[in-house]
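What follows is one structure encoded as structure tokens, with my remarks underneath.
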Amino acid sequence: MSIKVKLDNGKEAVYPEGTTCFDLYKEKTADNKELLAVLVDGKECDLGQPLPDNSNVALVDFDSPQGADIYRHSASHVLAHAVKRLYPEAKLGIGPAIENGFYYDFEFEEPISSDDLETIEKEMKKIVKERKQIRRREMSREEALRLFEERNEPYKIELIRDLPEDAAISCYEQDDFIDLCAGPHLSHTGMVKAFKLTGLAGAYWRGDERNPMLQRIYGTAFPSKERLQHYLDMLEEAKKRDHRKLGRELELFSLHEEGPGFPFFHNNGTVIWQELTDYWRIEHRRAGYEEIKTPLILNRSLWEQSGHWDHYRDNMYFSQIDEQDFAIKPMNCPGAMLVYRSKMHSYRDLPRRIAEMGIVHRHELSGTLHGLMRVRSFTQDDAHIFMLPDQVESEVAGIIDLMDRIYRVFGFQYRVELSTRPGKAMGTLEMWDKATNLLEKVLLEKGVDYRINDGDGAFYGPKIDFHLEDCLGRSWQCGTIQLDFQMPEKFDLTYIGEDGNKHRPVVIHRVIYGSMERLIALLIEHYGGAFPTWLAPTQVAIIPVTDRSHEYGRQIYDRLKGEGLRVTLDQRNEKVGYKIREAQVNKIPYMLIVGDREVKSGQVAVRHRGEGDLGADDLSNLIEKINKEIEEKII
RNA sequence: GCCGACGUAGCUCAAUGGUAGAGCAGCUGAUUUGUAAUCAGCAGGUUGGGGGUUCAAGUCCUCUCGUCGGCUCCA
């Protein structure tokens, strides 16, 4: 018997029955791709598996979509193998590949410390060197249960019990180590070429805080030492760009014990903040938005009406005024609802796009706070759009356009996700389907590339999320567009239709920046502190060479100030190199060096933080250039 | 909130249980400087906070606050 196989290069070939994927590619690793596994009819398979007849086969290397995951998943098995050798009593949790690496959860008899990682890493290296065969074993549920009972692995048994009735159960075995696993895996442990354990942390079994906390070991693995090193270098670079570090060095903001999670913005950070909101207002006025401001503290009755009292109380701050309960707002919606409800609306008034730079306070768990990224008080660039049902499509499209325009200005790439009905949701299935389909339709019409995030919608409606990617490829959720079926009901919002009757408007809740604090953190890291000139807290530093040129420097300073530029004059008794270094470290876009030569010629010597010495120029030319750069928000 | 680590001058970091130090920043003075750090001097601290062990605590124990890495949650 022979089998027919179609390769990914389009060629068909006939092989004897029992031919494995590995045989197929044995002679064919010449195209410099490291063969890790294969896709048989689109399904990931081990190299050792025999090929079925009439199958389509594609090679999987590290850089194919599944490759890195398979590779790192095998690395996680090597980790677990090493741990079991060193700590035979440790219980295995789960050990998947994740973005940029892998982890494995264990329950140790005695907690290990990060110093132990080195020992574990050494043992892993041994296992890699031993080139242990990795074998797949399929077995019945009973067999699997018996196996892991013998091996005293309660978490594995729990996993097997939760597998669907008809699921094929497979294990992977290397030497005396065996793990419940769907696979696929590399063929032997020697294929794991470069890895590093990167961290140790607590993690609840199955992510549920009611379950025991296991110890999670993080690691990463690459097909070569060079690529591993490259990744580690990137982590170093990320550390250099950390907004908490740059925020302190550039005097943008600070955090204090006296206000955990409540950031203090210093002048430099406030300048950036204001530039961002100024730009935001221009774009929103142009897009037909109104802007409001609503109170920070509102009566309990409002929060009962909005449902926050029941659903969000744990995250709220409270106060008592005249023996009445008040709450500090955790969201802006109820305020916007009151503004809408403060007058009668005709269908002709809609849509009403009501924006608010609203400060919200949320009592987040102490362990989640992180610089400006995760805080307890933040400003949302919120907007609530009240509209007729048949306006939803064009309004959503309008928001998507606005987001795209704004994100482009910062040079962000972004990813879009459509989140659908969660398990516990309000409203009928039909309503959800209709709304979700509508959002999807707009995305398709706009030609937006998106991903479905099943079951991740808000309880009150489906949403589209925008994840911004920074220059290191990390992504952060910023923008979101949420359809809200609940608020109009709860606040009994109405408009008078053409027919003279009252109708229910549709509400969209949306943010573009997300939170000012998070956006600023993201921008700090994205630009590595070197803000484009329009955002830079100081745009020009004037550096006189000696005190003979102080007066000339002062004239230049006054002129630039008059132009509305943010400028400093460095009259300290220091050498030019020293002043330049400091301006450079502070990432000031332009440095103007003025000495005897410039006093004589009436020019300025221009130095740019990125391009270096640009030579002498007339001040008016330079002002024109800088103003254009600011006007066009050149990155 | 939970698991783990950490907390020393404004910042980065030293200090076997035995007199708390350095570099940078700051201040003072000298130097008049041409594209990433001129030299010298001075000052700077209840070692996050409370309690305890000890002849003696930055160091050991305990409580607490905060920070960091995760879990969870989310903008």
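Every chain is numbered from 1, with letters handed out A, B, ... down the list of sequences.
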Stacking of A:Phe378 on B:rA75 base (centres under 5.5 Å, planes under 30°): yes
Whole-Å [atom1] distance, [N] and [M]:
N      : M      : atom1 : value
B:rA9  : B:rU16 : C1'   : 24 Å
B:rG7  : B:rA14 : C1'   : 15 Å
B:rU54 : B:rU12 : P     : 37 Å
B:rG52 : B:rG44 : P     : 30 Å
B:rC27 : B:rG66 : P     : 34 Å
B:rA43 : B:rG23 : P     : 14 Å
B:rG21 : B:rG45 : P     : 12 Å
B:rC73 : B:rG17 : C1'   : 44 Å

Atom [atom1] of [X] and atom [atom2] of [N]: how far apart are they, to the nearest Å?
X        : N      : atom1 : atom2 : result
A:Leu200 : B:rG4  : CG    : P     : 10 Å
A:Asn100 : B:rG70 : CG    : C1'   : 16 Å
A:Met213 : B:rG70 : CE    : P     : 14 Å
A:Tyr218 : B:rC3  : OH    : P     : 17 Å
A:Lys239 : B:rG69 : NZ    : C1'   : 11 Å

Parallel, tilted or perpendicular: which one describes the rings of [X] and [Y], with boundaries at 30° and 60°?
X        : Y        : result
A:Tyr317 : A:Phe262 : tilted
A:His384 : A:His509 : perpendicular
A:His608 : A:Tyr590 : perpendicular
A:Phe265 : A:Phe253 : tilted
A:Phe531 : A:Tyr527 : perpendicular
A:Tyr312 : A:His308 : perpendicular
A:Phe318 : A:Trp309 : perpendicular

Output yes when at least one side-chain N/O atom of [X] is less than 4.0 Å from OP1 or OP2 of [N], else no.
X        : N      : result
A:Arg216 : B:rG4  : no
A:His363 : B:rC73 : no
A:Ser366 : B:rG1  : yes
A:Arg597 : B:rU35 : no

A:Arg362 to A:Phe378 six-membered ring, cation-pi geometry met (6.0 Å, 45°): no
A:Arg216 NZ/CZ over A:Tyr103 ring centroid, <6.0 Å and within 45° of normal: yes
Strand-adjacent residues in residues 253-264 of chain A, judged by heavy atoms under 4.0 Å from RNA chain B: A:Glu257, A:Pro260
Look at all strands and tell whether [X] reaches a base, only sugar-phosphate, or nothing, counting heavy atoms closer than 4.0 Å.
X        : answer
A:Gly514 : sugar-phosphate
A:Glu364 : base
A:Gln477 : sugar-phosphate
A:Ala605 : base
A:Asp596 : base
A:Arg362 : base
A:Val375 : base
A:Gly615 : nothing

Is it the case that [N] (base atoms only) and [X] (side chain only) share a donor and an acceptor within less than 3.5 Å, ignoring hydrogens and angles?
X        : N      : result
A:Glu598 : B:rG34 : yes
A:Arg607 : B:rU35 : yes
A:Arg374 : B:rC73 : yes
A:Tyr204 : B:rG70 : no

Under the ring-ring contact (aromatic ring centres under 6.0 Å, His included) test, residues paired with A:Tyr578 that sit two or more places apart: none
A:Glu283/A:Arg281 salt bridge by N-O under 4.0 Å criterion: no
Lys/Arg N to Asp/Glu carboxylate O, A:Asp465 vs A:Lys463, below 4.0 Å: yes
Secondary-structure stems, RNA chain B, at least 3 Watson-Crick or G-U base pairs under 3.5 Å: B:1-7 with B:65-71, B:10-13 with B:21-24, B:26-30 with B:38-42, B:48-52 with B:60-64
